[in-house]
Structures are given as C-alpha cells and as structure tokens.
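Below: the structure, in structure tokens.
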Amino acid sequence: MPLSDIRHQGAAQRLIQRALRSHRMPHAFIFAGPGGVGRELFAQRLAKILLCHNTSDKNAAESTIDGWSESVLDACGTCESCRLMAVDSNPDYHPIYRELHRDHPNTEVRNRKSLGLSIDVIRHFVNDQVGAKPVMGRAKVFVVRAAETMSIGAQNALLKTLEEPPATTSIILITPSANALLETTRSRCQLVTFGMLPTPYIADELQSRFAGNPNQLTADHAEWYAQRAAGSLGDAIRMHEDGLIECDERVRAILNSRSSDGITPAAKAMIQDAANLGEKFRQRDPEITDTEAQRRGLKAMLMLMSMCLREGLHKAAIDENASRRPSARAITDAIRSIATTERQIDLNASVQLCVESFLIRLRRALSA
Ligand SMILES: [Zn+2]
C-alpha cells in the first residue's frame, strides 16, 4: 500500500514529501490529530519508506495526492524489507504500545495492570533497542501509540533518546494533541498535524470496507455512522462494530418517555444498556475494569442522546408546525443536563445516582 493511499491529509503528505526529498529527515516526529484519521497508518507507510532498500522517485505514484502535485516518493514494495513490512514482521519496525508490558522480561512488570505507557516499556522496548544495529541494515523506526499516556517518568526516560538518536533511528510519537506532551518532549520533535476526514469520504470507505462481509451495511447506515463519527473513520468503524445504530433506538425510547414516576427502574434499564455496550468496549480492551467499561458505555449512550436532541433542535428550527414537539429551549436544557452528567461521570460519581438525577432533569426539561 502506497503512502498516497492515505487521503485527505494534505498537510502531512506535503511536509513528509518535502523532508524525504531534502534528505534532511528529522529523527523525531509528533503525529498529532484525532484518532482514526490515518496517523498510525501514515507512520507505518513512512516507516516502510525509511526502511526500504530502494526508495526512489521511480516508485512515484501516477496520480497526485491531496495538495501535492509532484510525483510521490515511495517504498519499492519488493525488497526484503518491504516484503517483511507487508506481513507485519519487519524486525526494524518497532510499534510501541501499552500492552507491551506483558512481554517484559521482568515478571513483576508483566503482572502489573497498566492504563498508560509505563517507564518500563519505554526503557526496555525503546531505549535499550535504539543502540543496536538495524537487523536489515538500513534503519530502525519506533512508532509510539497513544504517546500522551506516557507517564512523566516515561517521557523523561525517552528524552535522552529523542535528544541524540543514532543517525539511522526514527521515532514517531502518535497523540491527539502535541499539548498533551511535556514541553521538553515537544521541543525535540517535528510536529506533523492530521485533520478530520470529510463525512462523505467516511461513509464511502465504511461501505466499501465491509462490502461482502456478514457485517456489511447499507448506504443509509454508513451515512448514519459517518455523521456521528466527527471526522474519524476509525470511530465510524468501531461504532458500526459495536452496533451503535441499535442502541440509538433504546436512546430514543428514553428520550420519548415522559412519565414522572418509575425513575429507578428506568435508570436500572439505562445502566444495563450501558453495561452491555461497555462489554463490547472491553472485548477490545480487556484491561479496563467493569466500572470503567460501564462508564464508557454510558458516555456513548449520552453522546447518542445529545446528537438525537440536536437533530430535534434542527428540526424545530426548520419546522413551523413544531408546536407538539418540545420547544428549542427545552431541548437546549436537556442537552445541558447531558453535559453535566458527562462531567459527573468523569469525576467518578456513582453511576446509579448520576443516571437517576439525569433522568429526572431530562424529563423535567422535556415536559416543560
Ligand atoms: Zn523496498
């Protein structure tokens, strides 16, 4: 797969193409931008170029890419290094991620639960490896996923490597925002920013990726997910895999219920839905706790509710015969109470209490 395959990231493409041509490639990068827009794929393709034995203009793609009208420098795709890269086993490509602690030689580190990138992972899998000669002879590339989850200790441990990496070593830190990293880390890296993807592109990609698959989706459903994914193809894919469109019906039922009694059973039902959704998140990330899974499920439901209400607000604004609907004011109040509840969940308030008081405020707002 060529670098030009990653679409709608013109700024990143231009910066990297210029650096590749200038033969003054920085050794440390921060790839900053929302998740699911191609940051890691881009890092992987760049690594392939840096590790390739025959990178040249001859590999230039015929078509031009977003905002770059010259030919595109790319990996050859046929050398030993490229072939190993294609099957995910190039020994000079080092993805660094939180779960690596499970492969650490020290039993104590292996058994520790870890929600971020620990200092042990950085020391053992980055610092201790950078000095060794590249196995395939050309270079070594380290790609640190979710770099913002590095503890301060882990970032400080990485500093020395960022300061003086061996000439053949490149390090790419992937993060939603460069500001989430320490100033000392930032100042040693070249920043490359990634933006949100256009909604129609996400809908098309979603449909083509799942085509012919038991999980394939209609154009309408692809559009539904794309509109809720806030410019992230990765989020759209996850939402589809989690079956969020079915959850949307439950959410609408909660919004339409107006009865003032029965708050406790309604809260129990909503929490159960959140737990079911959370269980799907946990299948992806087995290290999160029951409570954390439930919280994430609840936040996903609140996000759907908020979007559903915003749609209502939009309809109320364009439909003059909207008198039977809750007023725009009522909807705005309801959206506010969702935001309050999200904050309470982030502050680790009791889920049962949060949901009960939320449903009371929601019903009060919408029946006003
Ligand atoms: Zn190659």
Side-chain angles (χ1 to χ4, degrees), residues 7-9 33-41 176-177 194-211 213-256 270-271 273-285 288 293-319 325-326 328 331-332 334-343 345-346 355 358 362 366:
R7 297 291 321 279
H8 301 289
Q9 299 299 352
V37 302
R39 298 167 309 170
E40 194 173 336
L41 211 54
S177 156
F194 288 73
M196 296 193 297
L197 300 171
T199 306
Y201 171 74
I202 295 177
D204 287 349
E205 274 295 296
L206 201 55
Q207 248 201 311
S208 69
R209 284 195 191 204
F210 288 94
N213 174 306
N215 218 359
Q216 68 180 327
L217 29 54
T218 61
D220 280 355
H221 283 191
E223 178 73 24
W224 188 93
Y225 284 116
Q227 279 176 355
R228 281 155 184 79
S232 164
L233 176 60
D235 280 2
I237 292 172
R238 276 189 291 278
M239 283 195 246
H240 172 47
E241 286 172 347
D242 293 340
L244 228 61
I245 210 162
E246 288 130 45
C247 192
D248 191 55
E249 283 167 28
R250 310 270 302 144
V251 157
R252 281 170 199 271
I254 294 170
L255 288 174
N256 289 327
M270 185 168 163
I271 290 169
D273 286 339
N276 295 344
L277 198 54
E279 197 40 49
K280 292 181 180 168
F281 299 161
R282 206 164 45 155
Q283 282 164 12
R284 209 176 289 126
D285 184 356
I288 60 174
Q294 194 185 48
R295 281 176 206 278
R296 290 191 194 177
L298 197 53
K299 285 184 80 169
M301 288 185 75
L302 291 169
M303 185 267 296
L304 284 178
M305 266 185 207
S306 185
M307 289 189 167
C308 189
L309 286 166
R310 276 170 220 276
E311 263 170 41
L313 205 54
H314 181 64
K315 277 187 198 138
I318 56 172
D319 183 358
R325 291 207 181 90
I331 296 176
T332 311
I335 292 174
R336 263 196 215 115
S337 73
I338 290 176
T340 309
T341 311
E342 284 173 335
R343 277 198 299 278
I345 294 168
D346 286 338
V355 173
F358 164 66
L362 181 76
L366 292 180

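Below, each value reflects all heavy atoms present in this structure, side chains not excepted, and no hydrogens, waters or symmetry copies.
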TODO: Only counting residues at least two apart or in another chain, list the ones meeting side chain to side chain contact (heavy atoms under 4.5 Å, CB included) with Ala226.
DONE: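 Per chain and number, Ala226 pairs via side chain to side chain contact (heavy atoms under 4.5 Å, CB included) with Thr199, Ile202, Ala203.
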
Open item on the list: Taking side chain to side chain contact (heavy atoms under 4.5 Å, CB included) as the definition, give me every residue that meets it alongside Asp235, ordered by chain and number, with sequence neighbours left out.
Closed with: Ala229, Ser232, Arg238, Met239

[X] [atom1] to [Y] [atom2] distance, which is reported to the nearest 0.5 Å:
| X | Y | atom1 | atom2 | value |
| --- | --- | --- | --- | --- |
| Ile338 | Leu309 | CD1 | CG | 5.0 Å |
| Leu41 | Gln9 | CG | CD | 11.0 Å |
| Ile345 | Thr340 | CD1 | OG1 | 11.0 Å |
| Ile335 | Leu313 | CD1 | CG | 5.5 Å |
| Leu206 | Gln216 | CG | CD | 12.0 Å |
| Arg252 | Cys247 | CZ | SG | 11.5 Å |

Closest contact, heavy atoms only, [X] versus [Y]:
| X | Y | answer |
| --- | --- | --- |
| Pro34 | Met196 | CG-CG, 4.1 Å |
| Pro176 | Arg39 | N-NH1, 3.4 Å |
| Ile331 | Pro326 | CD1-O, 3.9 Å |
| Thr218 | Gln207 | C-NE2, 3.7 Å |

Open item on the list: Could you work out, with ring pair (Phe, Tyr, Trp, His ring centres under 6.0 Å) as the rule, every residue matching Phe194, not counting sequence neighbours?
Closed with: Phe31, Phe42

Task: Partners meeting ring pair (Phe, Tyr, Trp, His ring centres under 6.0 Å) with Phe358 (sequence neighbours left out) - done: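 Result, ring pair (Phe, Tyr, Trp, His ring centres under 6.0 Å) vs Phe358: none returned.
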
Open item on the list: Tell me whether Glu279 is salt-bridged to Arg282, with the criterion being a basic N under 4.0 Å from an acidic carboxylate O.
Closed with: yes

Applying side-chain hydrogen bond (donor to acceptor under 3.5 Å, both in side chains), can you list everything that pairs with [X], at least two apart in sequence or on another chain?
| X | answer |
| --- | --- |
| Lys299 | Asp346 |
| Glu223 | Gln227 |
| Asp204 | none |
| Ser306 | Arg310 |

Open item on the list: Among Gln283, Lys280, Arg284, which residue satisfies the side-chain hydrogen bond (donor to acceptor under 3.5 Å, both in side chains) criterion with Asp242?
Closed with: Arg284

Open item on the list: Could you check whether atom CE of Met307 has more than 12 heavy atoms from other residues, nucleotides or ligands sitting under 6.0 Å from it?
Closed with: yes

Any residue meeting salt bridge (Lys or Arg N to Asp or Glu O under 4.0 Å) with [X], in chain and number order, not counting sequence neighbours:
| X | value |
| --- | --- |
| Arg250 | Asp273 |
| Arg228 | Glu311 |
| Glu205 | Arg209 |
| Arg343 | none |

Within a strict 4.5 Å, meaning less than it, do heavy atoms of the [X] and [Y] side chains meet?
| X | Y | result |
| --- | --- | --- |
| Met270 | Leu298 | yes |
| Tyr225 | Leu217 | yes |
| Phe210 | Glu241 | yes |
| Met301 | Val355 | no |

Task: Evaluation steps, side-chain contact (heavy atoms from CB on, under 4.5 Å), between Asn256 and Leu366 - done: CA-CA 9 Å; Asn256 289 327; Leu366 292 180; over 6 Å; no

Open item on the list: Checking the side chain of Asn213 only, and the main-chain atoms of Asn215 only, is there a donor and an acceptor separated by less than 3.5 Å?
Closed with: yes

